[in-house]
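One structure is given below, encoded as structure tokens.
What you are looking at is a predicted structure, and each value in this text was computed from that prediction instead of being measured. Along the sequence shown, residues carry numbers from 1.
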Amino acid sequence: MQEQSLDADEEITRTIYTVTLSKNLYDALKRITMKTGNLYVGNTIVQLLEENPKVKKELKRL
């Protein structure tokens, strides 16, 4: 078997952030999370951020 090595640009990194949300915002995100089948509210937050037009534009620049 050939071993695949990743260049630094191809490595996937994950950064963990701690955020404080209002109870209402957390509850709304939790409902969205449960409806979409995501496991974590953090996944929903990331998905919403990635879908934001300003974020999409910045991601294209990278």
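Residues forming a salt bridge (Lys or Arg N to Asp or Glu O under 4.0 Å) with Lys23 (at least two apart in sequence, or on another chain): Asp27. Thr33 meets the side-chain hydrogen bond (donor to acceptor under 3.5 Å, both in side chains) test with Thr44; sequence neighbours excluded. Contacts of Glu58 classified as side-chain hydrogen bond (donor to acceptor under 3.5 Å, both in side chains), with partners at least two apart in sequence or in another chain: Arg61.
Side-chain heavy-atom separations under 4.5 angstrom define the hydrophobic clusters, and the remaining members of the one that includes Leu62 are Val55, Leu59. Hydrophobic cluster membership of Leu49, counting Ile, Leu, Val, Met, Phe, Trp and Tyr whose side-chain heavy atoms lie under 4.5 Å apart directly or via other members: Val19, Leu21, Leu25, Tyr26, Leu29, Val41, Ile45, Leu48.
Residue pairs satisfying the salt bridge (charged side-chain N to carboxylate O under 4.0 Å, His left out) criterion with at least one member in residues 36-48, sequence neighbours excluded, are absent. Within the structure, salt bridge (charged side-chain N to carboxylate O under 4.0 Å, His left out) contacts touching residues 29-43 (residues at least two apart or in different chains) do not occur. For the salt bridge (charged side-chain N to carboxylate O under 4.0 Å, His left out) condition, no pair includes a residue of residues 37-57, sequence neighbours left out.
In this structure, OG1 on Thr36 lies 6.0 Å from CD on Gln47, to the nearest 0.5 angstrom.
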